[in-house]
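Each remark here refers to the structure printed beneath this line.
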Amino acid sequence: MATKTRVPQTIDAYLAGLEDPTVKKTLGALRTQLRKLLPKATESITYQMPTFKVDGASVAGFAFFKNHCGYYPFSGSVVPALKSELAGYATSKSGVTFSPDQPLPAKLVKTLVQARLAEIATRGKKPAAAKKAAAVKRPAAAKKALVTDRVTDAAVKEATGRDWKAWMRALDKAGAAGLAHKQLVALVSREVESGWWQQSIAVAYEQARGQRVVGQTAATGFQVGVVRTLPMTAPELWAWVTTQPERWLGPGATLKAEPGGEYKVPKRRGSPGVRGEVRVVKPGQRLRMTWQPDGWTKPATLQLTLTPKAKGASLHVHMEKLPDAEAREAMRERWSKVLAQAV
């Protein structure tokens, strides 16, 4: 057993409950490093694991299981973005596992923390006055902030040595305006090790030079996400998704929630018919499927992810490979209405 039967309430108690001295030493050292990297963070136990939070947002967590340790950035995008840096480690979309006698290198931990902090910075809220001004200046389809709006000059400079203006000048000088996305990323990689920062800088440059529309990525095209916490348990929410498809797919919809299962949504006034195929099913957690309305030449990808919360459960609807910015905004409006009417 990694810890005693009773769930510890503090990180001190968690570490004290570890029986293997090697595990205790490794995770104790990891805690010490996180304290240095996040001096203003608060420590707590979240999802039964030691967690460091900054301004209420979880930045890093760790835990010991039967025979391995795990590091978790509380994000589904940080680990995939750092694929090259994590080569050789066992990873999932949400974490990294490692042997107790082979701790994560300090440099790698720092990279994971910086990537998560940068991601959180992109979601920072602007003052109300700034939001109103931005809404006036930008059309509805461009309300999603640019990378340079989301990631501060201080954050990019600390991680890469240059602020945004310096990066724009440097890339212009290097002839980046004529490069494809992969070539641009390769150019940035000459100076920046982190895959996350390579992509962020490349996309910021493309947006600044009008080569990329806001909301569009190289790998997944136009995408959009909508999330809402609902007053029901995760099992209840999963049952709602899998047994009441007409509530979220549309009237008359039928769904077989298993890989390979097909579904159809009948056409009705004001709404085209939709068809698709279920690709991934993780009971109680995630449903991934294609989404192709009448008239679309290629299907988009639709994913529903459930997450237990202290009060209820959240449902995150995410779409990728949308054909254009108009479709992205239409899907944002559609799923916002679906989640608002879910209860």
Side-chain angles (χ1 to χ4, degrees), residues 1-4 7-123 155 158-159 192-200 282 285-286 305 307-308 316:
M1 294 291 289
T3 61
K4 297 177 181 179
V7 177
Q9 301 301 306
T10 66
I11 296 182
D12 285 333
Y14 184 96
L15 294 174
L18 296 171
E19 299 175 356
D20 188 320
T22 300
V23 174
K24 185 175 295 187
K25 180 180 178 180
T26 295
L27 294 188
L30 178 56
R31 181 197 194 185
T32 298
Q33 185 186 1
L34 291 173
R35 280 180 162 179
K36 292 179 179 179
L37 293 171
L38 302 165
K40 297 183 179 180
T42 57
E43 300 182 24
S44 64
I45 298 294
T46 302
Y47 297 117
Q48 300 185 22
M49 73 172 70
T51 303
F52 283 71
K53 296 183 178 181
V54 176
D55 295 329
S58 298
V59 176
F62 57 82
F64 174 65
F65 300 96
K66 186 176 181 180
N67 53 19
H68 68 271
C69 297
Y71 177 98
Y72 303 92
F74 291 91
S75 163
S77 58
V78 168
V79 172
L82 298 177
K83 183 178 180 180
S84 59
E85 289 88 336
L86 294 168
Y89 288 96
T91 64
S92 66
K93 191 174 181 180
S94 60
V96 184
T97 58
F98 56 96
S99 173
D101 58 3
Q102 294 182 317
L104 293 177
K107 185 177 181 180
L108 180 56
V109 174
K110 183 177 181 180
T111 299
L112 286 162
V113 169
Q114 287 180 336
R116 175 58 174 152
L117 289 174
E119 181 184 58
I120 292 172
T122 68
R123 301 172 182 173
E158 180 183 356
V192 179
E193 293 184 8
S194 167
W196 190 93
W197 279 109
Q198 292 169 12
Q199 291 290 338
S200 296
K282 289 193 173 182
Q285 301 177 34
R286 181 157 58 95
T305 304
T307 305
H316 183 191

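Hydrogens, waters and symmetry mates are skipped; everything else that's a heavy atom, side chains included, is used.
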Query - Side chain proximity check, I45 to I11, heavy atoms < 4.5 angstrom - result: yes
Report task. May I ask you to test the S92-V79 pair for a side-chain heavy-atom distance under 4.5 Å? Result -> no
Query - Pairs touching residues 42-58 that satisfy salt bridge (Lys or Arg N to Asp or Glu O under 4.0 Å), sequence neighbours left out - result: R31-E43, R35-E43
Report summary line: Applied to residues 91-113, the salt bridge (Lys or Arg N to Asp or Glu O under 4.0 Å) test, sequence neighbours excluded, yields K107-E193
For [X] versus [Y], what's the shortest heavy-atom pair and its separation?
{"X": "Q114", "Y": "A159", "result": "OE1-CB, 4.4 Å"}
{"X": "Y72", "Y": "G70", "result": "CE1-C, 3.5 Å"}
{"X": "P73", "Y": "S94", "result": "CD-O, 3.2 Å"}
{"X": "V54", "Y": "A41", "result": "CG2-CB, 4.0 Å"}

How many angstroms lie between atom [atom1] of [X] and atom [atom2] of [Y], to the nearest 0.5 angstrom?
{"X": "F74", "Y": "E119", "atom1": "CZ", "atom2": "CD", "answer": "12.5 Å"}
{"X": "Y14", "Y": "M49", "atom1": "OH", "atom2": "CE", "answer": "7.5 Å"}
{"X": "T26", "Y": "L104", "atom1": "OG1", "atom2": "CG", "answer": "9.5 Å"}
{"X": "L30", "Y": "F98", "atom1": "CG", "atom2": "CZ", "answer": "5.5 Å"}
{"X": "Q199", "Y": "S77", "atom1": "CD", "atom2": "OG", "answer": "12.0 Å"}

Requested in this report: Please state whether the rings of F62 and F52 are parallel, tilted or perpendicular, taking 30° and 60° as the class boundaries.
Outcome: tilted
Requested in this report: Please name the residue in the list L112, V109, L117, V59 that meets the side chain to side chain contact (heavy atoms under 4.5 Å, CB included) test with L37.
Outcome: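 The option that passes is V109.
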Requested in this report: Apply side chain to side chain contact (heavy atoms under 4.5 Å, CB included) to the pair L18 and L27, showing each step before the final yes or no.
Outcome: CA-CA 10 Å; L18 296 171; L27 294 188; 4.0 Å; yes
Which residues satisfy the side chain to side chain contact (heavy atoms under 4.5 Å, CB included) test with [X], sequence neighbours excluded?
{"X": "A81", "result": "W196"}
{"X": "E85", "result": "L82, L108, S194"}
{"X": "P100", "result": "T22, V23, F64, C69"}
{"X": "K83", "result": "none"}

